[in-house]
Student: 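Got a structure here, written out as C-alpha cells. Questions coming.
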Amino acid sequence: MRFRFGVEGDLTTPSGDRLAVGDPRVVEFLSGLARRLLAPAVARRHPELGSLGYFLRPAELKRSVDRMTQRQDALVFPRGNVFHLPPANVDTIFVYSWAISALAGNHNVVRISSRSAGAAEVILEALRETPADPVIARTQRMVTYGYDDTVTAALSKWCDLRVIWGGDTAVDTIRKLPLRPSARDLTFPDRTSWAVLSVPGWRAADPAARRAAVVGFANDAYWFDQAACSSPRTVFLVGGRGTEAAELRAEFLQLLLDVVDRRGWTVDPAMAVEKRVNAYELAATGAATALDFPDNRVTAVTLAGAERAPRRWIGAGAFPFAEVDSLLGLAPAMNRQDQTVSHFGFTPAELGAFAVELGGRGVDRIVPFGSALTFGAIWDGYDLPGEFTRLTTLKVT
Amino acid sequence: MSVFTLSQASKEEQLVKELSALTEHHRARCEPYDRILSASGFTSASSIADLPWLPVRLFKTLELKCIPDDEVFKVLTSSGTTGDVSRIHLDKAAAAEQQRRLAATVQTVLGSKRLPMLLVDTKAMLKDRRSFSARGAGVLGMSTFGRDHVWALDHDGEVDLGAIRGFLDKHGDQPFLIFGFTFLVWLHLYEVALAHGLDLSNGILIHSGGWKKLIDQAVSPEEFRDRLRRVGLTRVHNYYGMVEQIGTIFLEGPNGGSLYCPDFADVVVRDPETWAELPPGEPGLLEVVSTLPTSYPGHVLLTEDLGVVHGIDDGDWPGKRFSVLGRLPRAEARGCSDTYRGAA
C-alpha cells in the first residue's frame, strides 16, 4: 500500500481525534489547498483544477458549512468514518467528495487509483505542500493499493459511510463486501448526460452568444474525453425540424471545430477508429441514419429518433443529434440513468416545466452550457453535506 | 505457379471491378452493412482506396454475414485478449475457396508437392480450448500443406530435441517445410539449432505472429533473417494475415524485407488524420482488401496495425510491397467508470 497523503499506519485503528462540522482546522487547510490550485501556473495546465479551486474558496466553504449547520430541529455532527472509492479517470472527483466529507468533520480514507495521473498527481502534491494542523494528516488519508479485497473489506467494516463512484460493475463488486450494520453506501454509478439546444433560442441569439454557448459546450464535452458522467453526448435540437435544424447543426459543428482548433485539442487515431466503430454500430442497428466524419476531432451522427440516443460512451468528440418538438416531448425518453441536461436558448419557464414534467424520474441536474462539469454539493440527487453528517435530536421537556 | 503476378495497374483495374461488385453483393444481402454504407453516403468507388472500409473490430461487436443461417458452414473466431472476439461466417463455397487460395499462395514458395513438415509448436496447444482459436487454427490451416508432421515441442512446451533430430535424419536431405510462430521459431528452433549444430539448410520456413516479443528482445526482422542464415536456413517467409480475411496472406518475398500482396488482395496505407491514402515511404494505418470474403462483408478492412508501403512494382514480385510496423495503441478514455475490479 502506498500512502499518498496523511500519516502512514493502520487505517482502521480507532482514533482519539475529534473534528467538528466546519472545523476551522479543516477550513484553513482547504482554503490553503484552494490557493495552490488557483495558482495561474496550475490552472493553465489543468483548467479543471481551476473549478476545483473555486469550489474550495473560503466563501464557498462557508456556504457549505452554513448549509450543514443551519437546521434548528437537530444538532449536526460528523457522520464518522467515511471510505471513498473515487473513479480512476476523472482526476478531480476524489477531491470534491473528500473535501465535503472533511468539511463535515469526518475521518476519511480515500482510495486513489493506481491509474491516476496528470491532474490527480498535481492535486496530491498540492495536498502535501499545503500547511496543515497535524490533526489533518492523522484523520485524512489517501492511499493507493491494487485490487485487494482484504483491504477494501477491512475499510468497509471500518466506515460508517462508503462512497462508491464509478461504473455499475464497480458498485456491484464493492457491494459484495459487507458494511457494519449501521453503515450505508452512497453510490454514484454509470450515468448519461445530454445537451438540449433550442432552435428558436439559437436563432434569436447574436453571433457572440452563439460562440459563447459553443465554447461552454466544447469545455463540457472535451475536458474529460466526453466520458465523465456529466459530459454531454447526444445533442437534442428542440423546436425546429428540417432545414432549420440542419442549418443550426451545421453552424454549431462549424463553431465547435473552430473552438477545438483554437484550443489545440486533438483526438488520437485510436480514438478516431473507436468513434468509427461506434458510429458504424449505430448505423448498422438502424439507430443512426447519417454519419459525418469531418475531422477526427468531431464525429456527427444523425439519430433515427430521440429514443435511439445511445446511453453508453461512444468516443471523445462524438455527437449524435436528434430533433424533438419540445422539451416536454423529450421527457419520456429520459430515465434514471440520466444525470445532467445542459441547455442553451430556453426560457426559464420552459426549463421549469421540463423539470416538473421529469418529476425526478430521471435527470438530476439541468444546467447551462459550460456548467455541465461544475461540481456541486448537491450531486446525483443527493445533498452531500446532509449525507456526510448525522443528526442528534434534543428535546428537553 | 504463382499468385503474385499482377502489376499494380492491372491489379487496380481488376480489383476495383471485383471489389465494387462484392460491395453491391454484400449490400444486397447484409442489411446492417447496407445501413452503414448508406449512412456514410457511399455510392461508388473508382479506385481501391475509394472503397468503403470497415474497422476490423466491427466483427467483434456486430454479426455481419451475407448468407442465411442455414448456409453457415463454419464460424471462425479470433482470439481476443479483452474477451471480445471476431465472428466470421463462412458458407461451404467461401470455406473451400479460402483454403484453395491459401494453398495457391504458399505453393508459390513451396511448390505443388506436399513436403515433410516440422511444426515449431506443441501438440498440447490444440487441446487447450482457451488458446486454441488463432494459434491452433493457424497451425491446423498450414499443416495441410505438409506431410509426415513432427512437433518440435513436447507437451510441456519444451524443445523435443529427439523429435527434431529424428525429423532431420529422415527428411533433412530433401526440401522440407518448417512452420511456426515467429517468436517460437526464434526461441525454440534457432537457438536450439545453433547450440546443437542442426542442419536446416533444406528447410523452407514460413512464420507469422507479430514482431513485438522479438523487438522487445531487440531482434529486428533483418537480424532474424541474418541469424537464421547462420544455421543454414535461407528460405524464410514471414506472412501477415488475420482471421477476418481468412485465406488471404501477405507473404514475404524470397529476398526478405517486404510483404507482397497476392493477385486477389491489396493493401492501402492511410493517413490516420485525413484517412487519405499515403504514398510509399509514409507509415500509416493499414487497410487490407481481398476478394475472398464472399459470405461476410470483410473484403475491405481497416486493421489496427500500422504499416508502410516500401515500393510498387519494384521488388521480388509485382505490386505493392510493405511492412507491418506494430499495433495502434488502444483508445482509452478518461471517465467516471471503472473504479474497482475484484481481485480475480
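Labels below follow one simple rule: chain letters A, B, ... track the order of the sequence lines, proteins then strands, and each chain is numbered from 1. Note that this is a predicted model, so its numbers are computed, not measured.
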Student: Please name the pair of heavy atoms, one in B:R57 and one in A:V273, separated by the smallest distance, quoted to 0.1 Å.
Tutor: NH2-CG1, 4.3 Å

Student: Going from OH on A:Y280 to OH on B:Y33, what distance comes out if it is rounded to the nearest 0.5 angstrom?
Tutor: 9.5 Å

Student: Side chain, backbone, both or neither: which part of A:V267 has a non-hydrogen atom closer than 4.5 Å to chain B?
Tutor: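 For A:V267, backbone heavy atoms alone lie under 4.5 Å from chain B.
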
Student: Between atom CG of A:D268 and atom CG of B:L328, what is the distance when rounded to the nearest 0.5 Å?
Tutor: 7.5 Å

Student: For the interface with chain B, which of A:A279, A:S231, A:A290, A:A288 has the highest count of heavy-atom pairs at distances below 4.5 Å?
Tutor: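 Sorted descending by pairs with chain B, the first entry is A:A290.
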
Student: Report which part of B:E304 has an atom under 4.5 Å of a heavy atom belonging to chain A: side chain, backbone, both, or neither.
Tutor: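 For B:E304, side-chain heavy atoms alone lie under 4.5 Å from chain A.
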
Student: Answer yes or no: are there more than 12 heavy-atom neighbours, outside B:R87 itself, under 6.0 Å from its atom CZ?
Tutor: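 Not buried by this count: 12 neighbours or fewer within 6.0 Å.
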
Student: In residues 279-299 of chain B, which residues are in contact with chain A at a heavy-atom separation under 4.5 Å?
Tutor: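 The stretch touches chain A at B:L285.
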
Student: Would you compute the distance between atom OG1 of A:T285 and atom CZ of B:R35 and round it to the nearest 0.5 angstrom?
Tutor: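 It comes to 7.0 Å.
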
Student: Quick check on B:L62 against chain A: is it the side chain, the backbone, both or neither that has a heavy atom closer than 4.5 Å?
Tutor: side chain

Student: Are the side chain of A:N296 and the backbone of B:P272 linked by a donor-acceptor contact shorter than 3.5 Å?
Tutor: yes

Student: Heavy-atom pairs under 4.5 Å with chain A - which of B:A39, B:S40, B:P32, B:P55 has more of them than the others?
Tutor: B:A39

Student: What is the distance from atom CH2 of B:W275 to atom CZ of A:R276, rounded to the nearest 0.5 Å?
Tutor: 6.5 Å

Student: Side chain, backbone, both or neither: which part of B:L302 has an atom under 4.5 Å from a heavy atom of chain A?
Tutor: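 When you check distances to chain A, only side chain atoms of B:L302 fall under 4.5 Å.
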
Student: Tell me, please, which residues at least two apart from B:T61 pass side chain to side chain donor-acceptor pair (under 3.5 Å).
Tutor: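 B:T61 satisfies side chain to side chain donor-acceptor pair (under 3.5 Å) with A:E281 once adjacent residues are dropped.
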
